[in-house]
Every structure is written in structure tokens, then in C-alpha cells.
Amino acid sequence: MKKGDIVEFYSRLAEENPHPETELESVNDYTLLVAVVLSAQATDAGVNRATRALFATVDTPEKMVALGEDGLKQHIKTIGLFNSKAKNVIALSQALIAEHGSQVPADRDALEKLPGVGRKTANVVMNVAFQQETFAVDTHIFRICNRTGLAPGKTPLAVEKKLDKATPQPFRLHAHHWLILHGRYVCKARKPECWRCIVADLCRYKPKTAEPAAKASGKKQNA
DNA sequence: ATCCCGAGGG
DNA sequence: CCCTCTGGAT
């Protein structure tokens, strides 16, 4: 996408979401990290439903270790991949206690060494907790960058590097959330709602979906 | 490339 | 039923 179009692209996303922020709920850096780990291949709403009760009493690595893997599983049973996530969160909490003074490190290499934390999760934590200009490429951002032509790439890392180069100020800090929110609610995986998309004229995606036919009488049509 | 694996939507 | 949801480890 051309430079001028990119500025216009972000400007409109910024108008669409004046106050971009995570929809994941947390009470401190530690619970944010846990929430992001739990959010892999899961919806934010589903993670929040499980963590609301959990974080009310368990908000430090020490309390999480005390809760234990089985205790944690009871809280997150409704989230996909809960067995491996429970194991990782306990191990991650032990690592924070042993190696980081029970604090969440603001360093990407240190974050990525934690069990269950990869590049994408580390990028989210650095952006949300430490206000770093990182570009976490999740399923939404990977899809939008390729579909629109904003920053096409074959792998998430390739897209991340292109995004980093292509995204100018003052959009760098919040680019991640603007793209996520647009992808979640408008540029959806299955049925992108191009008829109400504010950047449709800047987008290269061809098979635009049509606006659903208006229901004349409020009842379904019959055969 | 494959496995982990639940809820919600279509 | 199938697909998707802020992936990571092997």
C-alpha cells in the first residue's frame, strides 16, 4: 500500500476507535500476562468469563503457584487448550518468582523464555503493559495485512517486519489494537462486512461481500 | 507439519 | 456439521 494511503488508512481506523485498548481484563501486569497466554486460540470474551473469578483472588505468581495446576484447570476449563495453558501458567509463575523477583520483565527476550510465551504474546505484553511500539501479529492482523495489502507477508514474522517499517507516527503505539478491533468486528475472517468498512476504498480485496438484503416485513422469506 | 482443545457462530 | 477465536511447543 502507498505511503499516503497508509496514513489515511490509520487515520480512519483511529476515528473508528478513538480509545483503542485491550478487551482482555486484568488487574496488574502479571494478570495481563496470564490473560494473554490464555487467549491463544480463544476469544477475549471467553477468557474474561474465566479470569473474572480467578483474578479476584489470584493476582500474583505466588498465589498462582499456591493454587496449583489442578486448581487452575478448574477455573479455565471452558477455554480451549486448557491443559497445556494451565501447565504453562504455573511454570511461568514459578519462573517469574525464581528469576524475575515476581515481576513481569519488560524485555522481549526474557518474556519469550517463559513457558507458553512466544513472540506474539511477548509483543502484546510489551505494548499493553509497557507502552512499547510492538506489532503483535495474530490471526486478525495477519488476515487484514494480507487482505487489504497494507503489509502482505507469508508468515506472521514477515508481516510484523513490514508493519513495523510501514507504520508511521503517530499511529505506532496503537496500530496493533486498531487493526485487531477492525479485524474482529468489520474485516472478519468469514464474512467481512465491506459495505460498512471505512477503508474499503483503500483495500485491494476483490470479492466484497454485499450488504444483507433488508427484511421488508421483519419475517423470513419462505419458499 | 502436527498436536493441544472449548465455546460460539453460521 | 464446519470454521474461527489476539498461538506455542515439538
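The sequence lines fix the lettering, A, B, ..., with proteins before strands; numbering per chain opens at 1. What you are looking at is a predicted structure, and each value in this text was computed from that prediction instead of being measured.
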Nearest listed nucleotide, side chain of Thr22(A), among dG8(C), dT4(C), dT6(C) = dT6(C)

Interatomic distance, Tyr185(A) OH vs dT6(C) P [rounded to whole Å] = 8 Å

With sugar-phosphate meaning primed atoms plus P, OP1 and OP2, does Ala189(A) contact a base, only sugar-phosphate, or nothing at under 4.0 Å between heavy atoms?
-> sugar-phosphate

Do any side-chain nitrogens or oxygens of Arg143(A) fall under 4.0 Å of OP1 or OP2 in dC5(C)?
-> yes

OP1 or OP2 of dG8(B) under 4.0 Å from side-chain N/O of Arg49(A) | yes

For Thr78(A) and dA7(B), is the shortest distance between a side-chain N/O and OP1 or OP2 below 4.0 Å?
-> no

For the side chain of Phe82(A), counting heavy atoms from C-beta on, which of dG6(B), dC5(C), dC4(B) is nearest?
-> dG6(B)

Fit a plane to each ring of Trp178(A) and Tyr10(A), take the angle between them on a 0 to 90° scale, and name the class: parallel (under 30°), tilted (30 to 60°) or perpendicular (over 60°).
-> tilted

May I ask you to verify if any side-chain N or O of His176(A) is less than 4.0 angstrom from the OP1 or OP2 atom of dT6(C)?
-> no

Does the side chain of Asn83(A) get closer than 4.0 angstrom to OP1 or OP2 of dC5(B) through an N or O atom?
-> yes

Among dG8(B), dT6(C), dG7(C), the one nearest any side-chain atom of Gln41(A) is dG7(C)

Nearest listed nucleotide, side chain of Val124(A), among dG6(B), dT6(C), dG8(C) = dT6(C)

Could you give the CG-to-P distance, from Leu38(A) to dC5(B), as a whole number of Å?
-> 15 Å

Within this structure, what is the CG-to-C1' distance between Asn123(A) and dG8(C), rounded to whole angstrom?
-> 14 Å

salt_bridge(Lys87(A), Glu69(A)) N-O dist < 4.0 Å = no

Considering only the P atoms, how many Å lie between dT2(B) and dT6(C), rounded to the nearest integer?
-> 25 Å

Expressed as a whole number of Å, how far does the P atom of dA7(B) sit from that of dG8(C)?
-> 22 Å

Counting only side-chain N and O atoms of Ser84(A), is one of them less than 4.0 Å from OP1 or OP2 of dA9(C)?
-> no

